[in-house]
Every structure is written in structure tokens, then in C-alpha cells.
Amino acid sequence: MTLQKTCATALVALFAAACSGGGGGSADWAGAISDSAGVRVVSNPAEGIWTAADGWMLEEDLRIGALDGEPEYQFGQVGGMTIDSEGRLYAMDVQAQHVQVYTPEGEYLRTVGGQGAGPGELTGAIFLVMGPGDTLMVPDVNNRRINLFGPDGSSIGSFPLALEQGIPLNFRYTPSGVIAEQVRPLDLPNMPTTDSLDTILLLATDGTVTDTLKRFPSGETFSFSRGLPEFKFYSPEASWALSDDAQLIFGINDQYRIDFYADGELDRVVTLPFEQRLVGDRDKQLVAEYLERTWTESGVPPQILEQLKNNVHFGEYFPAFANILPGPDGSIWVQHIQAASDLSEEELESFDLLQDSGAPEWDVFDSEGRYLGVVTMPYRFSPRIIYDDYIYGVSRDELDVQYLVRMRIVTAT
């Protein structure tokens with residue numbers, strides 16, 4: 001970090017600590033902003049700035065989907081979602097291996113891709129990335145490539161997905177076209193590795209790696225042992241996002257600390273008080289029962305089922321948070337963890353470990369990192385992206401039918 005940047009950062013920190021800014025009632029903020037070797041440290045109190053009169057809440061603005069009727073409005077398992085420059089909504093149906101496209105008003109436009117290994121076809125797609133010029137990028141692990149589609153849905157080629165760098169765990173992108181990928185080395189039977197670090201890479205639109213944003217110890221939630229997957233639920237994992245100005249927002253969830261990197265250097269640290277909670281026997285039981293039921297319904301042979309059950313382990317404590325998303329006006333949204341043991345018997349009947357491990361409650365921080373308060377999303381609504389003042393995600397009803405839902409962010413009064 002340059003001397004000029006260090007001095008400027010210190011001045012900003014002192015000014016912010018002494019003055020009130022935007023963000024809705026920041027004069028009542030009881031936290032502190034300090035400087036540590038040129039890094040701003042934002043220490044938040046447990047109570048947020050928001051009052052009952054100036055907090056944010058959500059209003060459903062659009063719902064797409066149906067239990068019966070036209071197939072263009074039905075979904076198997078929705079993965080990634082994205083928005084183009086015209087506000088058109090793209091949703092990846094992981095089960096069908098195609099992308100369905102809708103107008104901003106929710107009218108069906110077209111289907112992109114489809115099951116297969118030929119040009120423009122998909123077999124292992126989950127994520128969606130909107131590249132420059134409304135070019136839709138669809139990573140496909142099974143076909144080992146990233147497929148490209150034009151704004152009209154036509155296939156315009158692909159480029160190799162470099163799995164030797166690791167298995168893609170996540171993709172993030174900014175409205176300006178910056179694309180990042182998290183990869184994890186996995187000691188697969190046909191792809192042995194000795195690396196134990198995840199990497200967040202910057203990608204060009206042709207798949208070329210242009211920079212390494214961060215390397216960090218791989219989480220233990222999912223690994224391989226003797227050719228079979230091994231699980232350690234509630235163990236520390238990294239969560240990250242890209243801000244609209246391409247800052248890396250990063251945290252490992254064994255503590256409530258969010259780091260902000262600008263131009264590769266740590267620029268700001270945001271903390272919030274967090275009380276650790278032990279993972280109880282009831283939580284372990286509920287997760288184990290869910291896995292056994294899921295594997296049995298999927299047709300896993302009894303002898304393999306027993307081996308898989310023996311490969312399920314748990315961390316000692318619940319993580320501090322589940323997910324990070326960038327929001328409007330530079331805000332940062334951090335999702336609470338949801339313990340299965342806190343759910344009612346009725347809620348447990350439709351419990352889905354993958355989609356229900358994150359709680360409906362999200363902590364919201366302003367652009368300076370000051371804690372504003374909590375926004376509670378509808379139960380069984382899983383947000384995918386926040387774009388302008390809208391949250392796009394997937395809602396599941398009591399029959400587990402999935403819907404694309406757009407929520408508008410509004411003030412409480």
C-alpha cells in the first residue's frame with residue numbers, strides 16, 4: 001500500500017468516525033472505525049442503525065411459475081439466475097439442463113440450451129453469468145466448457161473449462177462485465193491433487209485467467225475419501241461476492257468478519273458481535289436422516305449407503321453466516337445460518353438441506369460497513385441475485401413447486 005493511500009485511508013476513517021453520513025440515521029451508530037496499518041476496521045455493535053420507521057422490507061413484485069399448465073412456466077430445479085441490460089430474467093433449470101428466459105413482466109420469451117453434448121447443449125450446468133453485450137455464459141462441468149449464447153439465445157461457441165485448476169464451486173460477476181470463479185482442488189480418482197487451497201480467479205470472456213484475487217484454505221464441507229464423497233457439515237467455508245466496482249468481499253464463516261479487497265489489497269474489515277452455538281445432537285440427527293432419505297430415494301445401493309453414512313461428520317459449532325450478497329447503494333447483505341432443530345415439525349416435513357441451511361434473516365450493512373439491521377425474507381425463498389432495488393430468487397410452495405420471484409426492496413414506512 002502506498003504512503004498516499006495509507007494517509008488517505010486514515011483521514012477517511014477519522015472523518016467517518018467523527019461525522020454522520022448517509023445510510024439512514026447514521027448519527028445513532030454506536031460502533032467505531034479505526035485504522036490498522038492503513039486498513040479501516042469497522043467494529044459494529046450488536047444493535048443496528050435502523051429504527052422501526054426507516055428499515056427495509058420486501059414486497060413481492062413478480063412471480064413466474066405454475067403447478068400445472070404450460071411447460072414454459074414450470075421448473076424442475078432452479079440453479080443460477082441472471083438479468084440482462086433490458087431487464088430480461090434468465091433461469092437455469094438444472095434438472096432440464098436448459099435456460100428459460102422471461103420479459104421483465106414475466107412473459108416467456110425462449111428456451112436456451114438443452115440436454116446433450118453437442119454445440120450449445122448442456123449436461124452439467126448450474127451457474128449463469130451475464131457477460132458484456134448481454135452474452136450469456138453457462139459453465140458446464142460435465143462437458144468441460146463454458147457455453148456462450150447471444151442476446152437472441154443463439155449458440156455462439158464455447159471455450160474449455162480448465163478443470164486442472166480445480167472444480168468450480170461458484171461464479172460471480174459485476175454489471176460491468178468483471179467475472180470471477182472459485183475453484184477447489186479435489187482429490188478425485190482420476191484427478192489426484194496435493195493442493196489444499198481454493199482460488200478465486202478473474203476470467204476474461206474467452207476463459208483466460210487474467211488474475212488471482214485470493215487463495216485460501218479449502219473448506220471441508222465436501223471432499224473425497226477412498227473414491228467416495230466425505231462430508232463435514234457446519235465446518236468453516238468461505239463466502240464471497242464482487243461489489244459493483246469489482247471489490248472482492250470475502251469472509252470465512254468461523255467468525256463474523258467480512259474483508260474488502262481493492263486492487264488486490266485489504267482495504268477494509270467489517271465485524272459484528274457473534275455468539276458461537278454448538279451443533280447439537282438433534283441437528284446431527286435431522287441432517288443424517290435427510291441424507292439417508294435422499295440417497296435411498298436416489299437408488300443408492302445399501303452397501304454404498306452405509307459407507308456414505310460413515311463419511312458424514314459435523315463441525316463443533318454453527319458458522320457465523322451462510323452467504324454474502326452485494327445490495328443496492330453499496331450495501332452488503334449477510335445471511336444468518338438456520339439450524340434444522342429450530343424448525344417446526346411442519347417445516348421439517350419439507351426441509352431441504354441445500355436450500356434451507358440459510359435462514360430468512362439477513363444482516364444489512366451500508367457502503368461504509370456500518371450495521372443497519374435485519375431484513376427478513378419470506379420462508380422458503382432463496383435469493384440468487386440483488387439487482388438495483390430488486391431481489392431475484394426461487395420460492396418453493398408446500399408441494400415443493402418452484403417459482404421465480406422478484407422482490408422489491410422498500411422502506412418500512
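Computed from a predicted structure; not experimentally measured.
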Looking only at heavy atoms, which two atoms of [X] and [Y] are closest? And how far apart?
| X | Y | answer |
| --- | --- | --- |
| F351 | A340 | CZ-CB, 4.0 Å |
| G87 | P104 | O-CG, 3.4 Å |
| V78 | M81 | CG1-CG, 4.2 Å |

- Trace of the side-chain contact (heavy atoms from CB on, under 4.5 Å) decision for M92 with Q100: CA-CA 7 Å; M92 178 74 225; Q100 296 187 187; over 6 Å; no
Does the [X] side chain pair with the main chain of [Y], one donor and one acceptor, at a distance under 3.5 Å?
| X | Y | result |
| --- | --- | --- |
| E265 | A262 | no |
| R172 | W240 | yes |
| R257 | I252 | no |
| N143 | G116 | yes |
| Q255 | A320 | no |
| S239 | I324 | yes |
| D93 | Q77 | yes |
| Q338 | D356 | yes |
| Y108 | T111 | yes |
| R406 | L89 | no |

Can you list everything that forms a ring-ring contact (aromatic ring centres under 6.0 Å, His included) with [X]? Sequence neighbours excluded, please.
| X | answer |
| --- | --- |
| Y403 | none |
| Y90 | none |
| Y234 | F318 |

- For E47, does the CD atom have more than 12 heavy-atom neighbours from other residues, nucleotides or ligands under 6.0 Å away?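 Counting other residues, nucleotides and ligands, CD of E47 stays at 12 neighbours or fewer.
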- Message: Taking side-chain hydrogen bond (donor to acceptor under 3.5 Å, both in side chains) as the criterion, tell me which of E230, K284, E220, K232 meets it with H313.
- Response: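 Among E230, K284, E220, K232, the one that satisfies the side-chain hydrogen bond (donor to acceptor under 3.5 Å, both in side chains) with H313 is E230.
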- Query: Pick from Y256, Y371, W29: which one makes a side-chain hydrogen bond (donor to acceptor under 3.5 Å, both in side chains) with N44?
  - Reply: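 With N44 as partner, Y256, Y371, W29 yield a single side-chain hydrogen bond (donor to acceptor under 3.5 Å, both in side chains), made by W29.
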- Hey, are R408 and D389 close enough for a salt bridge, meaning a charged N less than 4.0 Å from a carboxylate O?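 Looking at D389 together with R408, the answer is no, because their closest N to O distance does not fall below 4.0 Å.
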- Query: Can R282 and D342 be counted as an ion pair, charged N to O under 4.0 angstrom?
  - Reply: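 Salt bridge absent between R282 and D342.
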- Query: Under 30°, 30 to 60°, or over 60°: which ring-plane class applies to W50 and W56, parallel, tilted or perpendicular?
  - Reply: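 Ring orientation, 0 to 90° scale: tilted.
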- Message: Below 30° counts as parallel, above 60° as perpendicular, anything between as tilted: where do the rings of Y390 and Y392 land?
- Response: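 Aromatic pair Y390/Y392 classed tilted.
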- Query: CD/Q355 to CG/D400 distance, rounded to the nearest 0.5 angstrom?
  - Reply: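 Answer rounded to 0.5 Å: 7.5 Å.
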- For residues E70 and Q74, is any side-chain donor paired with an opposing acceptor at under 3.5 Å?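 No - no donor-acceptor pair under 3.5 Å links their side chains.
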